[in-house]
Amino acid sequence: MQSGNSSVKRVVGLLLLLICLSPGVNAQYTEVINSNRPGLAVSAYALGSNVLQAEIGGFYEIQDHSLLNTESSIVGTDFALRYGLYFETLEVTYEGTFIRQDIQFNALGGQSDVRSNFTRNRLGLKLLVFDPYKNPKRSKPNLYSWRKNNLFQWKNLIPAVSLYGGANFTIGDNPFYPEDPLLSYRAMVATQSRLTPKMVLIGNFAYDRISTDFPEYSYLVSISHSLRNPRWSIFVENQGIQSDRYADVLFRTGFAHLFNADFQVDFNIGASIKTTPSRYFASAGMSYRIDRHRDRLVKKKEASPTSNKRIKKRGSRKKRNKARKSDF
């Protein structure tokens, strides 16, 4: 337990240090909504200051556990509230998933039970620490080659990187996490690469439920692609989960449609590759933002003291030359 708490303190301390250094990283506010839906992968970029965003969806899932000989139907909702803080690269996020599971025990003569509670209930901070497009030379378009601007280049694999630190809250007598304490912790690294102007690769690598008896490792890899009509996009996502309590590999695919700069709807379906349990699910949702972002004015850099000295010296030389000519 002490080792878990010490690791948490290191993560929190590192995040606070990076927050202090964050003004050195460029802002990544976008004119169009930046949603983490329709998948579960989290973007590396923050929303931008004074942007409030809600992402909500409903889903239905069927599970069949071959070893326990159980069948389940699950109805639930997942949601996220995100807000861009004063630092352009920092956002605070509250995420939740609430489900109702109807489970049938075939080995017990068809007895059934109903379970309901949060399977995800957490609050955290995400901070962009590296942006490959901070360098204006890198993000400058090539005026002589359409191909270089629109096709894959190896340098596009260099990702933006953000760090996430947060806390999970277990409310009441939770049947899904019966042995977990009220509070546990989560740390994550999120990466994002723009492979082409229409294709984005996102990776998430998380260590979750730190300080519990069942810590969890997980990854998410997602590729999204904008179609010829840029209001439509499709995605494919792979998720892996590993802990002593539960392990699985999941796949999702779906689409999103942008109605306007602040409103998006989405749909996805997915399944697991295991039979303990087998999982099949579908989800639909929406994302909406209230945009109060204002670009900050940056003062124009004044000439350095050395350049002022050079100017004065040049001016004094001209005066001396004029004086010499007048003497003659």
Side-chain angles (χ1 to χ4, degrees), residues 15 18-19 22-58 77-96 122-134 136 139 141 159-166 188 190-194 197-200 202 204 222 224-227 229-235 254-268 283-299:
L15 190 60
L18 291 169
I19 288 173
S22 63
V25 183
N26 283 4
Q28 284 300 322
Y29 165 81
T30 56
E31 297 294 335
V32 177
I33 187 171
N34 171 20
S35 176
N36 291 327
R37 295 188 63 90
L40 295 182
V42 173
S43 165
Y45 291 110
L47 294 175
S49 61
N50 298 322
V51 177
L52 175 64
Q53 188 162 303
E55 303 170 8
I56 186 169
T77 180
D78 48 22
F79 53 88
L81 291 175
R82 304 167 59 192
Y83 184 71
L85 299 177
Y86 177 77
F87 296 126
E88 294 285 347
T89 53
L90 180 67
E91 74 171 49
V92 59
T93 305
Y94 169 62
E95 303 167 278
R122 60 181 178 237
L123 180 69
L125 288 171
K126 183 182 70 175
L127 175 69
L128 178 69
V129 295
F130 173 73
D131 181 8
Y133 292 95
K134 178 183 177 182
S139 57
V161 180
S162 67
L163 297 181
Y164 172 95
M188 180 181 69
T191 65
Q192 182 169 333
S193 303
R194 191 177 68 178
K198 291 188 175 183
M199 185 177 295
V200 174
I202 294 177
N204 294 171
S222 176
S224 60
H225 179 69
S226 297
L227 302 181
N229 180 347
R231 289 181 177 271
W232 292 90
S233 63
I234 58 176
F235 88 105
F255 65 86
H257 176 65
L258 187 69
F259 277 93
N260 56 52
D262 301 318
F263 180 56
Q264 172 189 291
V265 298
D266 60 79
F267 176 78
N268 76 82
S283 173
M286 56 174 283
S287 304
Y288 181 76
R289 73 173 181 177
I290 300 174
D291 185 2
R292 296 290 184 267
H293 180 82
R294 293 292 181 272
D295 290 330
R296 295 192 183 94
L297 296 177
V298 179
K299 293 182 179 179

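Counting heavy atoms from C-beta on, the side chains of Y45 and L128 come closer than 4.5 Å. Annotation: side chain of L127 is in contact with side chain of L90 (closest heavy-atom distance under 4.5 Å). The closest side-chain heavy-atom distance from V42 to T93 is not below 4.5 Å. In this structure, the side chains of Q192 and S162 stay at 4.5 Å or more apart for every pair of heavy atoms.
The two atoms that bring P38 and A256 nearest to each other are CD-CB, 4.2 Å, heavy atoms only. Taking all atoms of both residues into account, the shortest heavy-atom contact from G48 to E88 is CA-OE1, 3.5 Å. The heavy-atom pair separating F259 from V265 by the smallest distance is CE1-CG2, 3.5 Å. Minimum heavy-atom separation, S43 to N36: N-OD1, 2.9 Å. Counting all heavy atoms, side chain and backbone alike, F235 lies closest to S222 at CD1-OG, 3.9 Å. When every heavy atom of V32 is checked against every heavy atom of T30, the shortest pair comes out as O-OG1, 2.6 Å.
With values rounded to the nearest 0.5 angstrom, T89 atom OG1 is found 10.0 Å from D131 atom CG. How far CG of L81 is from CG of L52: 7.0 Å, rounded to the nearest 0.5 Å. Note that NE2 of H257 and CG of D266 are 12.0 Å apart. Values are rounded to the nearest 0.5 Å. Here OG1 of T77 is found 4.5 Å from CD1 of I56. Values are rounded to the nearest 0.5 Å. The line from CZ of R37 to CD of Q53 is 11.5 Å long, rounded to the nearest 0.5 Å. The line from NZ of K126 to CG of L85 is 11.5 Å long, rounded to the nearest 0.5 Å.
No option in R289, M286, R82 other than R82 meets the side chain to side chain contact (heavy atoms under 4.5 Å, CB included) test with E55.
Looking at Y83 and N50, their side chains do bring a donor and an acceptor atom within 3.5 Å of each other.
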